[in-house]
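None of these values were measured; they are calculated from a predicted model.
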Amino acid sequence: MIRRLSAVLLAVCLVAGAAPSVVSAASVYRTTDAQGNAVFTDRPVEQGERVELEPLSVLPSAPVREPAARDVERETARQPASADTPFMPYTTFRIAQPEDGETLPTGAAGNVQVALAIEPALRPDHKVRLLVDGRVSQSALHARVFMVTGLVRGEHTLQAELLDARGQVRHRSAPVTLYVQRASVHLPANPNNPARSP
């Protein structure tokens, strides 16, 4: 109830103009609604009682300081020169798993989980997308872990891109090379070997 009374007082002061350091209290009336809640208003109401209030002290707001020229220059210097340079506030944006030069064994069937190290945590309005061999692997997501499936045997390059709220690429991770082993269809033990067909 005290909070609601304070809110009414503040509204009355703002409407009346709070230029002086002390504002005289305007008339405030108290009544009760159908649910039994106390309601305060600056208009007289039937079956309402007038509440006497003490004068309210109002402090002027501090003046807004314009940024100095050197502050503007410093902030401009922080801005990225291109999509290949990191932009604030991220201090880390890289592929942590798999490691560069890692070999994916045959048993993985070309499937690999890609995890990113991002510090501080990814902002809600930013997204990440994964590139495999220079092509977008899947749509941008607000995530730091991706699953890549069905990679063919051989060498592949993984890279992550950081997209801002407008969908623009603001940073690319360093590329990670991954070697994938896959069983050859021509191995005698492979059930898909054409030579085993009746």
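With contacts defined as side-chain heavy-atom distances shorter than 4.5 Å, the pair V136/Q138 does not qualify. The shortest side-chain heavy-atom distance between R129 and V169 falls under the 4.5 Å cut-off. The shortest distance between side-chain heavy atoms of D164 and D125 does not fall below 4.5 Å. Contact annotation: the side chain of S137 never approaches that of L131 to less than 4.5 Å [non-hydrogen atoms, C-beta and beyond].
Taking CZ of R135 as the start and OG1 of T157 as the end, the distance is 11.0 Å to the nearest 0.5 Å. Separating the CZ atom in F93 from the CG atom in L162 is a distance of 4.5 Å, to the nearest 0.5 Å. Atom CG of residue L122 and atom CG of residue L116 lie 9.0 Å apart, to the nearest 0.5 angstrom. Here CG of L158 is found 10.0 Å from CD of E102. Values are rounded to the nearest 0.5 Å. Atom CZ of R144 and atom CD1 of I95 lie 13.0 Å apart (nearest 0.5 Å). Interatomic distance, K127 NZ to L141 CG, rounded to the nearest 0.5 Å: 7.5 Å.
Although no hydrogens or angles enter the test, the distance criterion places a donor-acceptor pair under 3.5 Å between the side chain of Q159 and the main chain of S173. Judged by distance alone, the side chain of R153 and the main-chain N or O of Q181 form no donor-acceptor pair under 3.5 Å. Side-chain atoms of R182 come within 3.5 Å of backbone N or O of L151 as a donor-acceptor pair. A donor-acceptor contact shorter than 3.5 Å links the side chain of D100 to the backbone of T177.
The 12-atom threshold is exceeded at CD of Q168, counting heavy atoms of other residues, nucleotides or ligands nearer than 6.0 Å.
Checking each of H126, E119, R123 against Y90 for a side chain to side chain donor-acceptor pair (under 3.5 Å) leaves exactly one that passes, namely H126.
Scanning both residues, V180 and G110, for their nearest heavy atoms gives CG1-CA, 4.1 Å. Here the shortest heavy-atom pairing between V128 and A160 reads CG1-CB, 4.2 Å.
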Legend entry - Chi angles and distances behind the side chain to side chain contact (heavy atoms under 4.5 Å, CB included) call for V114, V145: CA-CA 6 Å; V114 180; V145 179; over 6 Å; no
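V112 is not connected to Y179 by any chain of hydrophobic side-chain contacts under 4.5 Å among Ile, Leu, Val, Met, Phe, Trp and Tyr, and they are in different clusters.
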